[in-house]
Colleague: 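Sharing a structure, written as structure tokens. Questions coming.
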Amino acid sequence: LLTLVLIIAQSSVAFSQNTEWQYFNMNGNECRIFTTKGNSRIIVPPNCFSLNGVNYSGPLKISFKEYKDQADFILGGLTLRYEINGKLKHLQSGGMFEIIITTADKKAKSLTYAPNKKVTVKFAIDPKFDVAGLEPFYFDSKTGKWIKTTRFGQTKEGNTIVSDKSADLWQDDPRLLAFNTQ
């Protein structure tokens with residue numbers, strides 16, 4: 001029985017998304033679309049970043065980690081519990097990601113967004129997953145808690161409920177698809 005349990009556990013981990021960091025390099029003045037191992041897309045407009053308040057056009061590194069299923073969450077040490085009005089709740093997750101954007105030199109420095117610029121992550125969700133009513137959360141590593149609003153501002157776009165239409169899982173725009181193939 002123990003052997004059977006270990007085989008099942010190993011199989012679920014083997015089919016799980018790899019939760020290792022993926023790295024993408026570019027220059028700050030470029031416009032790029034990256035496709036991750038998990039088939040998500042990272043869309044970076046040109047001149048999107050600044051360093052100490054000055055536009056940054058030099059080499060940069062995007063570090064990205066995807067968590068696609070329960071096995072990934074457990075292996076990644078992520079908790080799915082959060083608190084609202086003193087009551088403990090459990091997140092239903094279609095997946096999670098971490099993204100860190102730094103300069104690409106030996107003493108990597110964190111970059112901030114230039115005014116009116118943002119990176120868009122089109123996170124690939126399993127089409128069988130019911131996304132109706134999902135809302136964005138971010139994990140505050142300092143407090144160890146999930147926060148309902150996005151880390152990068154109180155923007156309407158960043159805090160909207162995910163569409164339940166299967167065509168919207170990537171929210172693809174045909175113009176982006178055409179651009180990505182060039």
Colleague: How many angstroms lie between atom CE of M26 and atom CZ of F34, to the nearest 0.5 angstrom?
Modeller: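 One gets 5.5 Å once the value is rounded to the nearest 0.5 Å.
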
Colleague: Please round to the nearest 0.5 Å and tell me the distance separating atom OG1 of T112 and atom NZ of K117.
Modeller: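 Rounded to the nearest 0.5 Å, the OG1-NZ separation comes to 13.5 Å.
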
Colleague: Among I62, I43, V44, whose side-chain contact (heavy atoms from CB on, under 4.5 Å) with V119 holds?
Modeller: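 Between V119 and the candidates, side-chain contact (heavy atoms from CB on, under 4.5 Å) is satisfied uniquely by V44.
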
Colleague: Ring centres of Y56 and F49 under 6.0 Å apart?
Modeller: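 Ring centres of F49 and Y56 not closer than 6.0 Å.
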
Colleague: State, to 0.1 Å, how close F123 and G95 come at their nearest heavy-atom pair, and which atoms those are.
Modeller: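 So the two residues come closest at CE2-CA, 3.4 Å.
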
Colleague: At their closest point, which heavy atom of R32 faces which heavy atom of N25, and how far apart are they?
Modeller: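 That would be NH1-O, 3.7 Å.
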
Colleague: So do I42 and I33 actually touch side chain to side chain, heavy atoms under 4.5 Å?
Modeller: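 They are not in side-chain contact.
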
Colleague: Could you point out which residue of Q22, E66, K122 forms a side chain to side chain donor-acceptor pair (under 3.5 Å) with S40?
Modeller: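 That would be E66.
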
Colleague: Distance from C48 atom SG to N29 atom CG, nearest 0.5 Å?
Modeller: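 The SG atom of C48 sits 12.0 Å away from the CG atom of N29.
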
Colleague: Would you list the pairs meeting salt bridge (charged side-chain N to carboxylate O under 4.0 Å, His left out) in which at least one residue belongs to residues 96-111, sequence neighbours left out?
Modeller: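 Found D105-K109.
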
Colleague: Using side-chain heavy atoms (C-beta onward) and a distance below 4.5 Å, is Y67 in contact with L75?
Modeller: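 A side-chain contact is absent here, since even the closest heavy-atom pair is not under 4.5 Å.
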
Colleague: Would you check if the distance from the ring center of F97 to the ring center of F64 is below 6.0 Å?
Modeller: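 Yes, ring centres under 6.0 Å apart.
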
Colleague: Nearest 0.5 Å please: distance from the CH2 atom of W21 over to the CD1 atom of I99.
Modeller: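 W21 atom CH2 to I99 atom CD1 measures 9.0 Å (nearest 0.5 Å).
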
Colleague: Considering all heavy atoms of both residues, which atom of N39 and which atom of A124 are nearest to each other, and what is their separation?
Modeller: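 Of all heavy-atom pairs spanning N39 and A124, the closest is O-CB, 3.3 Å.
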
Colleague: Which atom pair, heavy atoms only, marks the closest approach of A114 to N47?
Modeller: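 Closest approach of A114 to N47, heavy atoms only: CB-O, 3.7 Å.
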
Colleague: Strictly by modelled atom types, are T102 and S110 linked by a side-chain donor-acceptor pair under 3.5 Å?
Modeller: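 Per modelled atom types, T102 and S110 side chains form no pair under 3.5 Å.
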
Colleague: State the OG1-NZ distance between T103 and K61, to the nearest 0.5 angstrom.
Modeller: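 One gets 9.0 Å once the value is rounded to the nearest 0.5 Å.
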
